[in-house]
Amino acid sequence: MNEFFDCSKRALNILSELHASEKELVGKGVVLSDGKAGTIEHVFVDDVHGLRIAIAGHEGRWPIAMVKQLEGDLSRRPIAKTKLRREIHEG
């Protein structure tokens with residue numbers, strides 16, 4: 001296998017994880033650790049922080065690590081963050 005194929009495979013894995021995260025998160029209510037709350041409008045990949053989210057009614061993008069509570073998920077587990085961050089930094 002050549003280097004181009006390896007890079008392409010990593011890129012496809014990142015995009016696949018981003019798409020899965022979008023399907024899981026967009027449209028759900030969220031409360032952040034700084035008190036902001038609203039509905040998740042968009043999910044982004046950030047090469048420093050992993051996943052970031054945009055919330056309806058608030059300007060900016062926040063790291064997924066700031067999620068204090070997610071609609072339907074009272075346990076507040078990190079969402080796809082670790083795997084996606086690993087993929088970004090290995091690439």
Side-chain angles (χ1 to χ4, degrees):
M1 294 192 194
N2 64 28
E3 189 174 320
F4 178 76
F5 178 76
D6 291 340
C7 291
S8 295
K9 186 175 177 183
R10 283 191 204 108
L12 288 174
N13 287 339
I14 291 168
L15 292 175
S16 175
E17 289 296 322
L18 174 62
H19 181 66
S21 296
E22 286 175 328
K23 287 173 69 174
E24 182 179 341
L25 297 173
V26 172
K28 286 198 173 183
V30 67
V31 177
L32 300 181
S33 58
D34 65 359
K36 288 180 181 66
T39 303
I40 298 174
E41 286 187 321
H42 198 70
V43 178
F44 305 89
V45 175
D46 179 326
D47 62 346
V48 176
H49 300 97
L51 289 180
R52 285 186 171 256
I53 56 173
I55 301 172
H58 299 282
E59 284 194 35
R61 299 176 181 180
W62 292 271
I64 196 72
M66 286 188 66
V67 172
K68 183 175 181 180
Q69 188 172 358
L70 182 65
E71 177 183 349
D73 184 11
L74 300 177
S75 66
R76 201 336 228 142
R77 61 178 167 58
I79 306 157
K81 178 180 128 186
T82 305
K83 184 175 181 182
L84 187 58
R85 180 175 283 168
R86 190 175 327 121
E87 291 287 338
I88 290 170
H89 290 291
E90 287 177 358

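Heavy atoms only: backbone and side chains are in, while hydrogens, waters and symmetry mates are out.
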task = Report whether V31 and V43 are members of the same hydrophobic cluster (ILVMFWY, side-chain heavy atoms less than 4.5 Å apart, transitive linking).
result = no
task = Could you list all the salt bridge (Lys or Arg N to Asp or Glu O under 4.0 Å) pairs where at least one residue sits in residues 31-40, not counting sequence neighbours?
result = D34-K36
query = With sequence neighbours left out, what residues match H42 under ring pair (Phe, Tyr, Trp, His ring centres under 6.0 Å)?
reply = F44
inquiry  = Please find the pair of heavy atoms, one from P63 and one from R52, that lie closest to each other, and give the distance.
reply    = CD-NH1, 3.7 Å
query = Any link between L51 and M66 through a network of hydrophobic side chains (Ile, Leu, Val, Met, Phe, Trp, Tyr) touching at under 4.5 Å?
reply = yes
task = Output yes when a side-chain donor or acceptor of S21 lies under 3.5 Å from a complementary backbone atom of E17, and no otherwise.
result = yes
ask   = How many angstroms lie between SG in C7 and CG in L12, if you round to the nearest 0.5 Å?
value = 11.5 Å
request  = For the residue pair I40 and L70, establish whether any side-chain heavy-atom pair is separated by less than 4.5 Å.
outcome  = yes
query = What side-chain hydrogen bond (donor to acceptor under 3.5 Å, both in side chains) pairs are there with at least one residue in residues 53-66, not counting sequence neighbours?
reply = none
key: Close side-chain approach of L32 to I53, heavy-atom, < 4.5 Å   = yes
query = Got a second to check how far E41's CD is from I55's CD1, nearest 0.5 Å?
reply = 9.0 Å
